[in-house]
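Each ligand, and each atom within it, is numbered from 1 in the order the structure gives.
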Amino acid sequence: MKLKVLGILLCSALLFQNCTSKKAESTTIDSTTTVNKIEKTSYGKLPTGEAADLYTLKNSAGMVVKITNYGGIITYWSTPDKNGKYTDVALGCDSLGGYLKASPYFGALIGRYGNRIAKGKFTLDGKQYTLAQNNGVNALHGGKKGFDKVIWTATPIDGEEPQLKLTYTSVDGEEGYPGKLDVEVIYTLQKDNSLKIDYKATTDKPTVVNLTNHAYFNLTGDFSKEILDHEVMLNADKFLPVDETLIPTGELKAVAGTPFDFTKSFKIGARINDVKDEQIKYGKGYDHCWVATDSSKTLKSIATVYEPTSGRVMEVLTTEPAVQFYTGNFLDGVPAGKGVNYKFRTGFCLETQHYPDSPNQPKFPSTVLKPNETYKTTTVYKFSAK
Ligand code: BGC
């Protein structure tokens with residue numbers, strides 16, 4: 001009997017909590033400060049039984065970003081067009097099941113090492129480490145079960161600029177990498193319609209780290225359309241040529257006079273089929289790392305993308321030295337989501353990062369993290385329209 005009463009009380013308390021949290025989506029404290037409340041809903045379960053949640057962040061301007069603690073994946077990202085209409089511009093799946101089945105890293109956090117490590121091997125302090133060869137002969141994006149496929153601990157932080165803090169501890173030896181790595185990623189939806197991503201990591205043994213986010217964008221908001229008419233500008237006067245397995249040759253090549261010159265704005269499609277260019281051939285289009293002209297570790301603009309029909313503009317700012325510009329050349333109709341089958345070149349990525357294969361390329365800026373050091377990088381995706 002007592003248990004029954006307790007049950008009823010508990011249910012009423014939960015119901016009350018649900019009602020109150022739904023009502024209070026945003027609260028005005030005074031005439032200048034608005035607290036935007038983060039909504040949390042269940043996003044289903046992994047085969048392991050672990051539960052995933054979905055967090056909805058809104059700002060007062062109207063931008064909405066949904067993030068799941070499964071892989072830190074951004075599942076939805078609405079941004080304004082020239083008429084002030086907000087539409088989702090991020091490719092993704094319809095449910096957790098979709099992401100579990102097959103996703104080419106849509107919207108996900110990538111680690112420990114974003115991009116490729118040649119032959120899945122590297123040597124650190126005289127010891128060789130072996131990683132999964134999950135991309136032909138190479139290691140890609142952290143391995144078979146990278147940070148995009150794990151459950152992160154999430155802490156929502158309401159505010160005028162709502163934040164989602166995600167933490168994950170990668171155990172020593174996970175996916176072949178040395179050292180226990182404690183990772184923290186904070187997504188902040190800012191009032192100027194930008195999403196800031198702050199990455200932090202510490203280790204108990206020397207290791208290598210290269211974290212990024214793998215959002216795919218189509219600024220038309222229509223995922224059945226190719227991205228070839230988007231106009232791209234990259235503040236990068238060099239890029240890293242690759243071999244046929246997309247591993248950098250080690251050379252930093254000037255973009256001037258090549259289809260890789262985006263120092264002035266060019267349509268993605270203008271030179272993407274220039275098959276006489278060996279690099280275009282290897283990437284099946286653009287799938288390369290551009291080196292920021294400004295090599296400082298300050299937050300600087302590295303890319304601007306403009307989509308003429310919607311008027312949407314996306315600017316990418318980063319503290320990182322480089323950006324992988326990938327034009328969805330491996331999208332081939334699978335997976336499906338958001339009403340479409342994602343086809344060839346219907347999305348593009350701007351993955352801010354250190355250079356690919358740095359652990360094997362001593363001339364590249366180091367990606368080694370030692371105990372007592374803190375890995376810290378920031379990237380901002382800022383939206384506007386004209
Ligand atoms: C890589 C591509 C790869 C894609 C999805 C990008 O970061 O550069 O080659 O196909 O991720 O895996």
Side-chain angles (χ1 to χ4, degrees), residues 71-74 90-93 98-120 131-149 175 197 199 209-218 223 227 232 234 236 239-249 260 268 272 278-291 302-303 316 318 320-335 337 341-358 361 364 367 379 381:
I73 295 172
I74 300 171
L91 280 65
C93 302
Y99 289 104
L100 291 174
K101 209 160 103 198
S103 165
Y105 305 93
F106 282 154
L109 292 177
I110 305 292
R112 288 188 194 190
Y113 200 94
N115 220 317
R116 292 174 174 81
I117 295 182
K119 311 233 163 58
L131 314 167
Q133 291 167 292
N134 60 334
N135 185 252
V137 294
N138 301 321
L140 177 70
H141 294 336
K144 287 197 173 131
K145 191 177 176 191
F147 293 176
D148 58 300
K149 293 182 185 69
E175 287 293 333
I197 315 178
Y199 302 85
V209 189
N210 192 24
L211 306 177
T212 191
N213 178 282
H214 208 300
Y216 287 67
F217 300 96
N218 186 323
F223 303 122
I227 40 82
V232 172
L234 300 175
F239 78 106
L240 305 178
V242 290
D243 67 16
E244 59 278 14
T245 73
L246 302 184
I247 293 294
T249 59
F260 292 78
I268 293 178
I272 200 170
E278 187 182 60
Q279 286 302 313
I280 291 274
K281 215 164 61 193
Y282 287 162
K284 297 185 171 50
Y286 298 111
D287 192 359
H288 295 77
C289 190
W290 269 256
V291 176
I302 195 160
V316 185
T318 190
E320 288 279 27
V323 65
Q324 180 86 3
F325 176 41
Y326 167 58
T327 47
N329 314 310
F330 295 107
L331 294 175
D332 59 2
V334 183
N341 292 290
Y342 292 104
K343 299 215 180 79
F344 188 53
R345 296 183 180 157
T346 52
F348 69 90
C349 305
L350 284 162
E351 307 151 51
T352 54
Q353 55 191 247
H354 269 60
Y355 308 176
D357 199 34
S358 299
Q361 308 238 13
F364 287 177
T367 50
T379 292
Y381 294 89

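Here CZ of F344 is found 9.0 Å from NZ of K284. Values are rounded to the nearest 0.5 Å.
In this structure, the ring of F325 has its center no less than 6.0 angstrom from the ring center of F239. The aromatic ring centroids of F217 and Y381 lie less than 6.0 Å from each other.
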Put together the list of close N/O pairs, under 3.5 Å, between ligand 1 and the protein, could you?
from	atom 1	to	atom 2	distance (Å)
ligand 1	7 (O)	H141	NE2	3.0
ligand 1	7 (O)	H214	NE2	3.0
ligand 1	7 (O)	E351	OE1	2.7
ligand 1	7 (O)	E351	OE2	3.0
ligand 1	8 (O)	R116	NH1	3.4
ligand 1	8 (O)	D287	OD1	2.5
ligand 1	8 (O)	Q324	NE2	3.1
ligand 1	9 (O)	R116	NH1	3.4
ligand 1	9 (O)	R116	NH2	2.7
ligand 1	9 (O)	D287	OD1	3.4
ligand 1	9 (O)	D287	OD2	2.4
ligand 1	11 (O)	H141	NE2	3.1
ligand 1	11 (O)	H214	NE2	2.7

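D287 meets the side-chain hydrogen bond (donor to acceptor under 3.5 Å, both in side chains) test with Q324; sequence neighbours excluded. With sequence neighbours left out, N218 forms a side-chain hydrogen bond (donor to acceptor under 3.5 Å, both in side chains) with T220.
Pairs engaging residues 98-108 under the side-chain hydrogen bond (donor to acceptor under 3.5 Å, both in side chains) rule: none recorded [sequence neighbours left out].
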